[in-house]
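Before any comments, here is the structure.
All values below come from the heavy atoms of this structure, side chains included, with hydrogens, waters and symmetry mates left out. Since this is a predicted model, take the numbers as computed values, not measurements.
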Amino acid sequence: MSAADPPTSCSSLLAGVRQLDPQAWQRLTAIYGPTVYGWARRQGLQPADAADLLQQVFASVAVNIGHARWDRPGDSFRGWLWTVFHSRLMDHYRQARRQP
């Protein structure tokens, strides 16, 4: 497993995040922040835009994590995070098209 491929999230970490535990949030962002930033850079975003998108992704995670479910076989936090990332990325592109 490489640094670009963080370990699978443990349920206690996600439970802590859902309970708004600051240490759990810090750990989650330390583990997955570089991954999300890397996804953004690989999509061609400049460093500042990638950093902005990173913030938007984790803001969405904060709002939606209480409703997220990973109870089906094959579901994972990382897969859900990719979906959140992709949605915010599409928002970024839509917003960029509207600006002159």
Side-chain angles (χ1 to χ4, degrees):
M1 185 174 309
S2 71
D5 191 24
T8 303
S9 300
C10 68
S11 58
S12 62
L13 174 60
L14 295 176
V17 169
R18 284 181 165 159
Q19 295 169 2
L20 305 178
D21 175 2
Q23 289 179 332
W25 270 103
Q26 184 177 18
R27 186 164 171 230
L28 183 82
T29 58
I31 293 170
Y32 288 100
T35 298
V36 172
Y37 182 82
W39 290 341
R41 292 289 288 143
R42 282 190 289 283
Q43 294 299 315
L45 272 62
Q46 295 299 314
D49 290 333
D52 288 345
L53 187 63
L54 171 71
Q55 293 297 316
Q56 293 168 16
V57 167
F58 279 102
S60 291
V61 168
V63 169
N64 295 301
I65 196 155
H67 307 291
R69 296 183 56 175
W70 305 285
D71 53 1
R72 294 178 302 184
D75 285 352
S76 68
F77 172 76
R78 185 182 168 103
W80 178 77
L81 184 63
W82 169 259
T83 301
V84 172
F85 164 79
H86 189 262
S87 180
R88 296 295 72 79
L89 180 65
M90 294 300 103
D91 290 346
H92 169 81
Y93 287 143
R94 280 190 288 274
Q95 183 179 2
R97 276 198 313 256
R98 287 191 293 257
Q99 295 178 350

Full working for side chain to side chain contact (heavy atoms under 4.5 Å, CB included) between Arg78 and Thr35
CA-CA 10 Å; Arg78 185 182 168 103; Thr35 298; 3.8 Å; yes

Side chain proximity check, His86 to Thr83, heavy atoms < 4.5 angstrom: no

Rounding to 0.5 Å, atoms NE2 (His92) and CZ (Arg97) come to a distance of 11.0 Å

Contacts of Asn64 meeting side chain to side chain donor-acceptor pair (under 3.5 Å) (sequence neighbours excluded), chain-then-number -> none

With the side chain counted from C-beta on, respond yes when Val57 and Tyr32 share a heavy-atom pair under 4.5 Å apart, and no when they do not.
no

Indicate yes or no: at least one non-hydrogen side-chain atom of Leu45 is less than 4.5 angstrom from one of Asp52. no

TODO: Answer yes or no: is there a side-chain heavy-atom contact under 4.5 Å between Leu81 and Phe85?
DONE: no

Pair Val36-Phe58, side chain to side chain contact (heavy atoms under 4.5 Å, CB included): steps then yes or no = CA-CA 9 Å; Val36 172; Phe58 279 102; 4.2 Å; yes

Here the pair of heavy atoms bringing Ala51 nearest to Tyr37 is N-CE1, 3.8 Å

Minimal heavy-atom distance between Gln43 and Tyr93, with the atoms involved, is O-OH, 3.2 Å

Of all heavy-atom pairs linking Arg88 and Ser60, the shortest is NH1-OG, 3.0 Å

For Arg69 and Asp75, the nearest pair of non-hydrogen atoms, with its separation, is O-OD2, 4.1 Å

Distance-only criterion, 3.5 Å: show the donor-acceptor pairs between side-chain atoms of residues 14-30 and protein atoms not counting sequence neighbours.
unit_1: Arg18; atom_1: NE; unit_2: Ile65; atom_2: O; d: 2.9
unit_1: Arg18; atom_1: NH2; unit_2: Ile65; atom_2: O; d: 3.3
unit_1: Arg18; atom_1: NH2; unit_2: Ala68; atom_2: O; d: 2.3
unit_1: Asp21; atom_1: OD1; unit_2: Gln23; atom_2: N; d: 3.0
unit_1: Trp25; atom_1: NE1; unit_2: Val17; atom_2: O; d: 3.2
unit_1: Thr29; atom_1: OG1; unit_2: Trp25; atom_2: O; d: 3.1
unit_1: Thr29; atom_1: OG1; unit_2: Gln26; atom_2: O; d: 3.1

Side-chain heavy atoms under 4.5 angstrom apart, residues restricted to Ile, Leu, Val, Met, Phe, Trp, Tyr: same cluster for Val61 and Met90? yes

